[in-house]
Amino acid sequence: MGDIAKTLLKCGVGFVVGWVIYMVAMVLTVYDGALSLIFQAIMASICSGVFVAAALLVGLPLRAPKIREVWSAIGWWSLILSFVAVGVMVFHARLGLQTELVDPETKEPVKTMLPMAALICYFMAIFPIVNLPRNKRPIKLVQTRTTSGPVSEVWHRLVFWEERACH
């Protein structure tokens, strides 16, 4: 599969994850019948698309050679950011990230997640998926000798098995 196809696949998965998160949040907060479900599905699509595009733009520096080496070494572990972000959204009340807003129509107070925290968590749930490293580069230990003194010392350094195409 080509690089463009992989990027489109990751964008699609990020879009679906964002859409599901948005719809779950909508059902838990502002669900008001079938019409709101239809309208909010459209809004979820727009919001997810904007956040996927933002994740692609913010992730551009990850394509720089030195940064890509570090990001590629992280591999699938980068998805921990997504799980942590979703966990924060689920447990926001216990983490003290809750505020009380007033519904403009009913004038009743509504407890909800802090808006800035919600936006950051939403972005951090999508970002690692859209910018998932292409492949994890295996790391091996290689012994090298230095003659910095009267006695040679053996040092270990990290070397990537895979050739770097950018050099």
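Along the sequence shown, the residues carry numbers beginning at 1.
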Side-chain heavy atoms of [X] within contact of [Y], under 4.5 Å:
| X | Y | answer |
| --- | --- | --- |
| L56 | T7 | yes |
| V58 | F123 | yes |
| T99 | K111 | no |
| M113 | C121 | yes |
| M26 | L37 | yes |
| L101 | P109 | no |
| F51 | L119 | yes |

So with a 6.0 Å cut-off around [atom1] of [X], is the heavy-atom count from everything else above 12?
| X | atom1 | value |
| --- | --- | --- |
| E105 | CD | no |
| L28 | CG | yes |
| L57 | CG | yes |

Over all atoms of both residues, closest heavy-atom pair of [X] and [Y]:
| X | Y | answer |
| --- | --- | --- |
| W71 | S78 | CH2-CB, 3.6 Å |
| I21 | A125 | CD1-CB, 3.8 Å |
| L132 | G75 | CD1-O, 4.3 Å |
| V130 | C11 | CG1-SG, 4.0 Å |
| G14 | V52 | C-CG2, 3.9 Å |

Is there a donor-acceptor contact under 3.5 Å from the side chain of [X] to the main chain of [Y]?
| X | Y | answer |
| --- | --- | --- |
| K10 | N131 | no |
| W19 | A41 | yes |
| R68 | L62 | no |
| S48 | S45 | no |
| D103 | V110 | no |

Can [Y] be reached from [X] by stepping across I, L, V, M, F, W or Y side chains whose heavy atoms are under 4.5 Å apart?
| X | Y | value |
| --- | --- | --- |
| Y22 | V90 | yes |
| M116 | L81 | yes |
| V86 | F91 | yes |
| V84 | W76 | yes |
| M43 | Y122 | yes |

In Å, rounded to the nearest 0.5 Å, how long is the span from [atom1] of [X] to [atom2] of [Y]?
| X | Y | atom1 | atom2 | value |
| --- | --- | --- | --- | --- |
| T112 | L97 | OG1 | CG | 11.0 Å |
| E108 | E100 | CD | CD | 11.0 Å |
| C47 | M23 | SG | CE | 12.0 Å |

